[in-house]
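Below is one structure, written out as structure tokens; comments come after it.
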Amino acid sequence: MITFTFPNEYFSPKATLECGQTFRFSPCGESAWLVLCADKACLLKEYAAEVHVSCEEADEQYFRGYFDLETDYAALLKEAEAFGVPVLFEAVRFGRGLRILNQDKAECLLSFIVSQQNNIPRIKGNLSRLCAALGEKKRFAGYDYYTFPSLERLAERDEDFYRSLGLGYRARYVAASSKKLLEEGFSSVEGKTGAELKRALTAYPGIGNKVADCISLFAFRETAAFPVDTWIARLYRENFGGAETDREKINRFFVEKFGPNAGIFQQYLFYYKRERGDAAV
DNA sequence: AATGGACCTGATAAC
DNA sequence: CTGTACAGGTCCATA
């Protein structure tokens, strides 16, 4: 095991983990979290001025990439503030240290299918039962955890099995998309970006525009992908005086307004709106 | 092209 | 206390 550090001025484990982009983490004690992705685990500990990341030695580069540590968030926040939009200014202040993760593609795709019309505690329960049932048991730093299951294991189960884990009507989508992933891999999205990538992702059962944007942003580094859910739609009405109700139109409004990094700013806006929905700005 | 209803489930709020 | 609306939507059926 090794530990590397990163200044916490632009790395807040709490904001990064709790903003809703991932569901596979759990607090352990004060200011510490066990974070899981694919078949790997790491431990985050926050101190006064830095975050300590502990993982297997072979996984250091993986987690540096996972937490997006090569990206300059100081510059991104400056860019956000330069728009002169009050709610965005407040959002980046509130969510300072939030970083966009670079997640495992298959795990992200299936997790966000599960997330639709669902709440976070339940999503976490669904996914942890899924991993416990089909994943591989491992141990890291004294903690037991289950890996995210392989596509082989996932694809051999049917809708009824996923229903038994509590996924509800999403069980059908997880079964079908797992099979598609096993058969085709990511060949249908390979090399695609932007709108083409989004369109290819919506070809998976259970993936519509919103979930396709989430997967683009969280697993394909599509920094312009701007997921529009109920909170963003509300933000659009309340903070931008928007009149459109079509979520694709709302998506275009924000992408045109905030440009190539719109998706990153979306996470700050979403986190702020969900946590501080009552705030004046 | 756009609009509306069905869909699993359970934690939480609201009376 | 029992009921209901709602959760980071998607899909399918209609005019």
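Just so we're clear, the structure is a prediction, and the values are computed from it rather than from any experiment. Letters A, B, ... are given to chains in the order of the sequence lines, protein chains preceding strands, and every chain is numbered from 1.
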Can you list, by residue number, the residues of residues 10-17 of chain A that have a non-hydrogen atom closer than 4.0 angstrom to DNA chain B?
-> none
Hey, does [X] reach any base, or is it just sugar-phosphate, or nothing, if we go heavy atoms under 4.0 Å?
| X | answer |
| --- | --- |
| Arg163(A) | sugar-phosphate |
| Asp246(A) | nothing |
| Gln21(A) | base |
| Gly208(A) | sugar-phosphate |
| Ile113(A) | nothing |

Exactly one of Leu69(A), Thr16(A), Asn8(A) clears side chain to side chain contact (heavy atoms under 4.5 Å, CB included) with Val51(A), and that residue is Asn8(A)
If we take the [atom1] atom in both [N] and [M], what is their distance in whole Å?
| N | M | atom1 | answer |
| --- | --- | --- | --- |
| dC6(C) | dG5(B) | P | 14 Å |
| dT10(C) | dG10(B) | P | 22 Å |
| dG8(C) | dG4(B) | P | 23 Å |
| dA1(B) | dA13(C) | C1' | 14 Å |
| dA13(B) | dA7(C) | P | 13 Å |
| dA15(C) | dA6(B) | P | 15 Å |

Are there any protein N/O atoms within less than 3.5 Å of an N/O atom in nucleotides 11-15 of chain B, and if so, which ones and at what distance?
none

Should we say atom NZ of Lys45(A) is surrounded by more than 12 heavy atoms from elsewhere, each under 6.0 Å from it?
-> no
Phe89(A) ring center near Phe83(A) ring center (under 6.0 Å) = no
How about Phe63(A) and Phe4(A): are their ring centroids closer than 6.0 Å?
-> no
Looking only at non-hydrogen atoms, find the nearest pair between [X] and [Y] and report the distance.
| X | Y | answer |
| --- | --- | --- |
| Gly166(A) | Arg122(A) | O-NH2, 2.8 Å |
| Ala80(A) | Val92(A) | CB-CG1, 3.8 Å |
| Ile215(A) | Cys108(A) | CA-SG, 4.0 Å |

Over how many whole Å does the gap from [X] atom [atom1] to [N] atom [atom2] extend?
| X | N | atom1 | atom2 | answer |
| --- | --- | --- | --- | --- |
| Arg170(A) | dT9(B) | CZ | C1' | 7 Å |
| Gln117(A) | dG10(B) | CD | P | 15 Å |
| Glu159(A) | dC7(B) | CD | P | 13 Å |
| Gln116(A) | dA6(B) | CD | P | 17 Å |

5' to 3' contact window, DNA chain C with chain A (heavy-atom distance under 4.0 Å) = dA7(C) to dC11(C)
So Phe6(A) and Phe11(A), would you call those rings parallel, tilted or perpendicular, with 30° and 60° as cut-offs?
-> perpendicular
Taking the inter-plane angle between the rings of Tyr204(A) and Phe186(A) on a 0 to 90° scale, is it parallel (under 30°), tilted (30 to 60°) or perpendicular (over 60°)?
-> tilted
Find which nucleotide of DNA chain C each of Ile207(A) and Ser115(A) is nearest to by heavy atoms, and output the residue with the more 5' nucleotide.
-> Ser115(A)
Hey, which of these two, Gly206(A) or Cys19(A), hits DNA chain C nearer its 5' end, going by closest nucleotide?
-> Cys19(A)
Dot-bracket encoding per residue of DNA chain B, Watson-Crick/G-U cut-off under 3.5 Å, | denoting interstrand = .||||||.||.....
Note: Glu238(A)-Lys273(A) ion pair, threshold 4.0 Å (strictly below) = yes
NZ/NE/NH1/NH2 to OD/OE distance under 4.0 Å, Glu60(A) and Arg64(A) | yes
Okay, side chain of Gln21(A), backbone of Arg99(A): is any donor-acceptor separation there less than 3.5 Å?
-> yes
Flag for Asn251(A)-Lys210(A): side-chain donor and acceptor within less than 3.5 Å | no
Does any pair with a residue in residues 216-228 of chain A pass side chain to side chain donor-acceptor pair (under 3.5 Å), and if so which ones, sequence neighbours excluded?
-> Asn102(A)-Arg221(A), Thr223(A)-Asn261(A)
May I have all residue pairs that pass salt bridge (Lys or Arg N to Asp or Glu O under 4.0 Å) and include part of residues 29-43 of chain A, sequence neighbours excluded?
-> Lys40(A)-Asp59(A)
